[in-house]
Amino acid sequence: MKIDFIINKNKDDLILFFAGFAQDKDLLSNISTNKSLALVYDYTTLDFAKDDINTFKNIYLIAWSMGVCVANSIFNEDINLQKKLKDAIAINGTNLAIDDKYGIASNIYKGTLDNLDDENFNIFLRRMCKDDAHFNEYLKIKTKRSIAALKEELLVLESFYQNILNKDINIYKKAYLGKMDSIFSYRAQNRYWTLTNAQKEVVPITHYDSAFIKDIILHVDKY
């Protein structure tokens, strides 16, 4: 996975954002915050460079989509890193990411992998967005990685999920469930987060909502 520091000024406080599948470094463009901000994306490999993260005193974790599951596993494997968490927020995802009841149904995930091409990828991205206007805006930050690379990312995420041991252990304090989500269905999210001690809130958003994500980042202390 890749880690890009979007803002690296505050030496104590870091907002660490785990993106979903098929995202790129421009996902969090045009954001200003008084904390440092790092974006984690591209799960073609799952090596996590902790050294740069460990220098911070406080970590505000925000994870979206498949990033929810990935971040949960990483922080469960490192207790010292977990102790730095000031907050942990999940958006439109679950720790049981590929699951017929609590995540993306396994046959849908496999269908996405098997049928991924340029046309179907754009259909997938359109399903993430509220309407054509939001979709056209998202296309400006669409990843430039090849379809072959995106398929590899899906394969790596599938293998990762099948092999993690702590997928049912939850680190998140808050979970935001998109009522209009067409990727991680609201029903699946609700089933999962009801089983946890996380504070659950239903919000009127689709899977990807740039304004909502940026608002969480800008006001993370208040959420």
Side-chain angles (χ1 to χ4, degrees), residues 1-5 12-21 23 27-28 35-106 109 153-178 181 183-184 188-201 213 216-217 220-221 223:
M1 65 188 75
K2 296 180 180 178
I3 304 177
D4 277 7
F5 276 84
D12 291 329
D13 301 324
L14 172 68
I15 300 172
L16 185 62
F17 189 95
F18 276 72
F21 158 69
Q23 302 308 310
L27 179 68
L28 301 183
K35 296 176 174 58
S36 289
L37 172 64
L39 172 66
V40 183
Y41 64 101
D42 188 353
Y43 304 115
T44 308
T45 63
L46 288 170
D47 296 328
F48 184 63
K50 299 177 183 177
D51 290 347
D52 291 340
I53 306 301
N54 273 322
T55 61
F56 291 90
K57 181 180 178 181
N58 304 308
I59 296 175
Y60 297 82
L61 172 64
I62 304 172
W64 167 56
S65 191
M66 290 297 291
V68 172
C69 172
V70 175
N72 187 70
S73 179
I74 287 172
F75 276 82
N76 267 303
E77 291 174 359
D78 191 325
I79 298 301
N80 289 327
L81 198 61
Q82 194 175 141
K83 288 178 180 178
K84 294 176 180 283
L85 282 176
K86 294 293 289 183
D87 208 346
I89 298 171
I91 304 170
N92 283 343
T94 74
N95 295 324
L96 299 179
I98 307 171
D99 188 276
D100 292 344
K101 190 174 182 180
Y102 300 114
I104 297 172
S106 56
Y109 191 93
E153 185 177 12
L154 285 173
L155 284 168
V156 170
L157 284 168
E158 182 181 40
S159 177
F160 165 81
Y161 178 73
Q162 290 173 346
N163 288 286
I164 55 177
L165 301 176
N166 53 20
K167 64 183 73 173
D168 58 341
I169 301 174
N170 173 53
I171 64 166
Y172 294 100
K173 299 178 182 179
K174 302 167 188 173
Y176 291 94
L177 290 60
D181 196 332
I183 307 300
F184 275 84
Q189 291 185 61
N190 189 51
R191 287 191 198 104
Y192 177 76
W193 292 112
T194 298
L195 299 176
T196 74
N197 60 356
Q199 177 185 336
K200 183 180 66 174
E201 184 172 338
I213 287 173
I216 293 283
I217 291 171
V220 69
D221 288 336
Y223 277 89

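Values below: every heavy atom of this structure, side chains too, minus hydrogens, waters and symmetry copies.
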Identify, with sequence neighbours excluded, every residue that meets side chain to side chain donor-acceptor pair (under 3.5 Å) alongside D4. Y41
Could you tell me which residues satisfy side chain to side chain donor-acceptor pair (under 3.5 Å) with Y172, sequence neighbours excluded, listed by chain and number? none
Could you work out, with ring pair (Phe, Tyr, Trp, His ring centres under 6.0 Å) as the rule, every residue matching Y109, not counting sequence neighbours? none
Could you work out, with salt bridge (Lys or Arg N to Asp or Glu O under 4.0 Å) as the rule, every residue matching K86, not counting sequence neighbours? none
Taking side-chain hydrogen bond (donor to acceptor under 3.5 Å, both in side chains) as the criterion, tell me which of N95, D99, T94 meets it with Y192. N95
Can you give each donor-acceptor pair under 3.5 Å made by side-chain atoms of residues 58-68, sequence neighbours left out, with the distance rounded to 0.1 Å?
from	atom 1	to	atom 2	distance (Å)
N58	ND2	D13	OD1	2.7
Y60	OH	D221	OD1	3.4
W64	NE1	H207	O	2.9
S65	OG	H207	NE2	2.8

Apply side-chain contact (heavy atoms from CB on, under 4.5 Å) to A198 and list each qualifying residue two or more places apart in sequence or on a separate chain. N170, W193, T196
Between Q23 and F21, is there a donor-acceptor pair closer than 3.5 Å when you use the side chain of the first and the backbone of the second? yes
List in chain and number order the residues that pass side chain to side chain donor-acceptor pair (under 3.5 Å) with T194, two or more places apart in sequence or in another chain; answer none if no residue qualifies. K200
Is the closest side-chain heavy-atom distance between F17 and I213 below 4.5 Å? yes
Pairs satisfying salt bridge (Lys or Arg N to Asp or Glu O under 4.0 Å), at least one member in residues 71-82, at least two apart: K50-D78
List for me each residue that meets salt bridge (Lys or Arg N to Asp or Glu O under 4.0 Å) alongside K57, sequence neighbours excluded, and say none if there are none. none
Tell me every residue that passes side chain to side chain donor-acceptor pair (under 3.5 Å) with S106, counting only those two or more places apart in sequence or in another chain. D100
Show me the side-chain donor-acceptor pairs of residues 158-168 shorter than 3.5 Å, one per line, residues at least two apart or across chains.
from	atom 1	to	atom 2	distance (Å)
N163	ND2	S159	O	2.7
K167	NZ	Y161	O	2.7

